[in-house]
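A short worksheet on the structure shown next.
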Amino acid sequence: MRKKFLASVILLSLIGVQTTCIATESVKKLTRKQRKEISLLELAKTNFDAKQYDLAIEYYTKAIIINPENAETYSKRGTTEFLLGNYNNAINDYSKSIELDPNRENTYYNRGLAKVQLKEYKSVVDDYTKEIEINPLNTNAFLNRGTTHVLLKQYDEAIVDFTKAIELDGQNILGYYNRGIAYRNLGQYENAINDYTKVLELDPNNIETFNNRGVAKFYFKDYQGAIEDYTKVIEYDKDFNQAFFNRGIAYLGLKNYENAILDFTNEIEINPKNDSAYYQRAIAFAQLDKTNDALDDLTQAIKLNPNNAQYYAQRGALISKIEGDLEKAKEDLNKAIEIDANDPEKYLTRAIIFCKQKEYLIAIDDLNIILQIDPNNSQAQELRTYAIKSLDTPEKTSPQQ
């Protein structure tokens, strides 16, 4: 099964804007310039709280003009720019804040969040690492650095970070969930299943986790377990993330073709443009010798996605198997090879068709290509031997697929 998995969650827990309270007697000792700065910061906070971010930025900017050495003001303006989607501006402000106060807590963290939006992942890791140096108890920094490692396909490093987040907070759902994703990407499906199970202990109605655990169980070849998880997903939301399609794939794993067909049919009703659902239903139909239904589905899959080599190859192979229109079968294999010229199976299927048409020399050419790609391909070796012998004895019966 080829499936797109849910991406890890990136936390957007920016540090909010706080205004420091100053006692009345202290205010009296402030200079006029300092009082003006405080007044502007209070106005900025008022507008920030009201989600009037443009106005908040104006007041932060005026405060910075009065006191360009206040690291906190740059950080607050950076957060406001972030919330407006002005990520470059946010990064610049966080960088200025860090320049003025290199040990300022949460500023590296927030800058990392802004850089994530620009997909500057390697630099993001550096920011979260610096944040962790300043505050080694920042669970979110470990979570986000782990997530960034996942985006960089650095799964081992991600697991270390998610494990640390779990150590800091044993009830951390995101830590278990994201670590499950990292384990799954490493092919450690049993570990992934265990982490998803822990998430469901903490949050029994987490539909995404049932879905992801179903995926992990499928790859672990626990097809029945995958079906149970996908069934749970469907009970919650039958439209969720191709749940019927995924369960249908699991039924194929159990060779339960009837139920697979029902699920692929349900998927097609929900998403009639899902070419993969037509293709997989065709596979199930073919296993039940419902050849015409299989061919119809393959044709529909090709209409929806005319650039998928496997669809043409499967239709050509099926036509050849039932001794149908071999020219049509050959056209399908020609198209499949045109799209994907590096798959030995497609050449093998076309070579079988050539042999059935007694075009042995052309078949040998295809078989030679296969043996260049895979010198140990026993099927190609045997069929090549047959084709060579058949050049002198053309009355031989053609090989079967």
Side-chain angles (χ1 to χ4, degrees), residues 1-13 113 116-117 119 121 139-140 142-155 158-159 161-166 168-253 263-264 266-267 269-271 273-274 276-277 280:
M1 177 175 65
R2 294 291 179 266
K3 183 183 183 304
K4 292 184 178 178
F5 296 92
L6 294 174
S8 300
V9 177
I10 294 178
L11 302 176
L12 296 180
S13 50
L113 287 175
V116 165
Q117 310 306 315
K119 300 185 174 169
Y121 299 131
T139 304
N140 285 352
F142 282 107
L143 282 172
N144 281 19
R145 190 173 70 175
T147 297
T148 309
H149 281 309
V150 170
L151 294 171
L152 291 170
K153 303 186 186 305
Q154 298 168 345
Y155 304 118
I159 288 168
D161 277 345
F162 295 138
T163 300
K164 183 61 179 179
I166 291 167
L168 290 170
D169 175 9
Q171 305 297 303
N172 195 301
I173 289 176
L174 284 175
Y176 289 107
Y177 180 84
N178 288 351
R179 191 173 68 176
I181 289 174
Y183 277 134
R184 188 266 304 163
N185 278 287
L186 285 175
Q188 297 180 23
Y189 302 119
E190 189 170 11
N191 286 338
I193 291 166
N194 291 337
D195 273 352
Y196 292 137
T197 299
K198 182 63 178 179
V199 172
L200 292 168
E201 289 175 8
L202 297 168
D203 182 7
N205 298 319
N206 192 314
I207 186 171
E208 291 87 355
T209 304
F210 276 112
N211 183 69
N212 276 18
R213 191 173 68 172
V215 171
K217 286 180 177 179
F218 176 88
Y219 283 120
F220 197 56
K221 300 190 185 303
D222 177 9
Y223 301 126
Q224 185 58 46
I227 288 167
E228 291 169 3
D229 277 347
Y230 291 135
T231 298
K232 197 72 174 176
V233 173
I234 291 167
E235 288 174 0
Y236 280 113
D237 180 5
K238 67 181 180 63
D239 296 324
F240 180 84
N241 202 34
Q242 301 186 40
F244 281 111
F245 177 84
N246 290 345
R247 192 172 68 176
I249 293 290
Y251 276 125
L252 283 182
D263 272 349
F264 294 134
N266 281 325
E267 173 63 27
E269 289 177 359
I270 294 168
N271 182 10
K273 293 185 178 181
N274 187 335
S276 294
Q280 296 295 346

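Residue indices begin at 1 and follow the sequence shown.
Within the structure, salt bridge (Lys or Arg N to Asp or Glu O under 4.0 Å) pairs that include any residue of residues 186-199 comprise Arg179-Asp195, Lys198-Glu201 (at least two apart or interchain).
Listed by chain and residue number, Arg213, Lys217 satisfy the salt bridge (Lys or Arg N to Asp or Glu O under 4.0 Å) test with Asp229 (two or more places apart in sequence, or in another chain). Scanning for side chain to side chain donor-acceptor pair (under 3.5 Å) contacts around Gln280 gives an empty result, with sequence neighbours left out. Residues forming a side chain to side chain donor-acceptor pair (under 3.5 Å) with Asn172 (at least two apart in sequence, or on another chain): none. Remark: Asn206 pairs with Asp203, Thr209 by the side chain to side chain donor-acceptor pair (under 3.5 Å) rule, at least two apart or across chains. Remark: Asn205 engages Tyr236 in a side chain to side chain donor-acceptor pair (under 3.5 Å) (not counting sequence neighbours).
Here Leu168 contributes atom CG and Thr163 contributes atom OG1; the two are 11.0 Å apart, rounded to the nearest 0.5 Å. Note that CG of Leu174 is 7.5 Å distant from OG1 of Thr147, once rounded to the nearest 0.5 Å. Rounded to the nearest 0.5 angstrom, Ser276 OG and Asn271 CG are separated by 10.0 Å. To the nearest 0.5 Å, atoms CD1 (Ile234) and CZ (Phe210) are separated by 13.0 Å. Taken to the nearest 0.5 Å, the CZ atom of Phe240 stands 9.5 Å off from the CG atom of Asn246. The OH atom of Tyr183 sits 13.0 Å away from atom CG of Asn178, with the distance rounded to the nearest 0.5 Å.
Ile181 and Asn212 get closest at one heavy-atom pair: CG1-ND2, 4.0 Å. The heavy-atom pair separating Ala182 from Ile159 by the smallest distance is CB-CG1, 3.6 Å. Across Arg184 and Tyr189, no two heavy atoms sit closer than the pair O-CE2, 3.6 Å. Considering every non-hydrogen atom in both Gly146 and Phe162, the closest pair reads C-CZ, 3.3 Å. Scanning all heavy atoms of the two residues, the minimum distance from Ala216 to Ile193 falls at CB-CG1, 3.7 Å. When all heavy atoms are compared, the tightest approach of Tyr196 to Tyr177 is CE2-O, 3.7 Å.
Between Asp237 and Ile207 the shortest side-chain heavy-atom distance falls below 4.5 Å. Using a 4.5 Å heavy-atom cutoff, the side chains of Phe218 and Tyr223 are in contact. Residues Tyr155 and His149 are not in side-chain contact: their nearest non-hydrogen atoms beyond the backbone lie 4.5 Å or more apart. Two residues are said to be in side-chain contact when any heavy atoms from C-beta on lie closer than 4.5 Å; Asp263 and Phe245 fail this criterion. Side chains of Val215 and Tyr230 form a contact here, defined as non-hydrogen atoms less than 4.5 Å apart.
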List the steps, then state whether side-chain contact (heavy atoms from CB on, under 4.5 Å) holds for Lys119 with Tyr121. CA-CA 5 Å; Lys119 300 185 174 169; Tyr121 299 131; 3.3 Å; yes

Take Gln171 and Leu202, measure what side-chain contact (heavy atoms from CB on, under 4.5 Å) needs, and give me the verdict at the end. CA-CA 7 Å; Gln171 305 297 303; Leu202 297 168; 2.8 Å; yes

Walk me through whether Phe264 and Leu252 qualify under side-chain contact (heavy atoms from CB on, under 4.5 Å). CA-CA 11 Å; Phe264 294 134; Leu252 283 182; 3.9 Å; yes

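With hydrogens and angles disregarded, no donor-acceptor distance shorter than 3.5 Å links the side chain of Tyr176 to the backbone of Asn194.
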